[in-house]
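Values below: all heavy atoms of this structure, side chains included; hydrogens, waters and symmetry mates excluded.
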Amino acid sequence: RQNQQQLISNIAQAINGEYTAVQCYAKLIEQAPTNEEKRQIREIRRDEEKHLRQFSRIYRSLTGRQPSPQQIEDCPTNYRRGIEAAFKDERDTADFYQDIAEQSTDPFIQQTFRRASADEQNHAVWFLYFMTKRR
């Protein structure tokens, strides 16, 4: 029961994180200096929207309630700060999703969060690449 509450709380946090990323990446797309970067961030944002849908479905199945996602941090105001923040966030989130996968005993939840963790690692690599291009 305690574990289940912690799992639900972590999933709610993941939902807020994905929701925030979707909002901030929309701004990043506008700020991106090249079409390649715009296209890649658009693709990353689509992944985040997919995670948001998947996690919301899991949350609903565990609680019987619809989640109400909230933006948990402000988006950086310029591109360089935005990609640095995105890199750090994606890197930390990859670890957090691994923890959620290990916390759950449900194979579907485990698989969903492991796959999302792999996506986040991939996103971190892209943002790191964009950071090195800006140096």
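- Salt-bridge check for K88 with E84: failed, with every basic side-chain N at 4.0 Å or more from each acidic carboxylate O.
- A continuous path of hydrophobic side-chain contacts links L62 to Y19 [ILVMFWY only; heavy atoms under 4.5 Å].
- The closest donor-acceptor contact from the side chain of Q71 to the backbone of C24 lies at 3.5 Å or more, if one exists at all.
- Taken together through direct or relayed side-chain contacts under 4.5 Å among Ile, Leu, Val, Met, Phe, Trp and Tyr, I72 and F55 form parts of separate hydrophobic clusters.
- Placement of Y97 and F87 in two distinct hydrophobic clusters is found when ILVMFWY residues are connected by side-chain heavy-atom separations under 4.5 Å, directly or transitively.
- Of all heavy-atom pairs between Q31 and T77, the closest is NE2-O, 3.0 Å.
- For the atom pair OG1 (T93) and NE2 (H51), the distance works out to 10.5 Å, reported to the nearest 0.5 Å.
- A donor-acceptor distance shorter than 3.5 angstrom exists from the side chain of Q110 to the backbone of S104, with no hydrogens or angles considered.
- Within 6.0 Å of CG on N35 lie no more than 12 heavy atoms contributed by other residues, nucleotides or ligands.
- K133 contributes atom NZ, which lies 4.5 Å from atom CD of E36 (distance to the nearest 0.5 angstrom).
- In this structure, the side-chain contact (heavy atoms from CB on, under 4.5 Å) partners of A85, at least two apart in sequence or on a different chain, are P76.
- Evaluation of the side-chain contact (heavy atoms from CB on, under 4.5 Å) rule for Q121 yields A94, S117 as partners, not counting sequence neighbours.
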- Item | Step-by-step side-chain contact (heavy atoms from CB on, under 4.5 Å) determination, R57 to T112 | CA-CA 11 Å; R57 247 192 313 263; T112 301; over 6 Å; no
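- Aromatic rings from F113 and F96 are positioned such that their centres are separated by 6.0 Å or more.
- In this structure, the side chain of R45 engages the main chain of V22 through a donor-acceptor pair within 3.5 Å.
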- E18/Q54 under side-chain contact (heavy atoms from CB on, under 4.5 Å): CA gap, chis, key distance, verdict: CA-CA 11 Å; E18 293 293 338; Q54 291 172 328; over 6 Å; no
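- The side-chain heavy atoms of E48 and E120, taken from C-beta on, include a pair separated by under 4.5 Å.
- Taking CD from E90 and CG from N122, the interatomic distance works out to 9.0 Å, rounded to the nearest 0.5 Å.
- With values rounded to the nearest 0.5 angstrom, I29 atom CD1 is found 10.5 Å from Q40 atom CD.
- Hydrophobic clustering, with ILVMFWY side chains joined whenever heavy atoms are under 4.5 angstrom apart, groups F108 together with I11.
- Among all heavy-atom pairs drawn from Q66 and Y59, the shortest one is C-CE2, 4.3 Å.
- In terms of hydrophobic clustering, with Ile, Leu, Val, Met, Phe, Trp and Tyr side chains grouped at heavy-atom distances under 4.5 Å, I44 and M131 are assigned to a common cluster.
- Considering every non-hydrogen atom in both A32 and K38, the closest pair reads O-NZ, 2.9 Å.
- At a cut-off of 3.5 Å, with distance as the only test, a side-chain donor of Y79 or E37 sits close to an acceptor on the other residue.
- Using modelled atom types, one side-chain atom of T20 and one backbone atom of N16 make a donor-acceptor pair closer than 3.5 Å.
- Residues satisfying the ring-ring contact (aromatic ring centres under 6.0 Å, His included) criterion with Y25, sequence neighbours excluded, are F127.
- One finds the CD atom of E30 at 9.5 Å from the CG atom of L28 (value rounded to the nearest 0.5 Å).
- The CG atom of D74 sits 12.0 Å away from the CD atom of Q23 when rounded to the nearest 0.5 Å.
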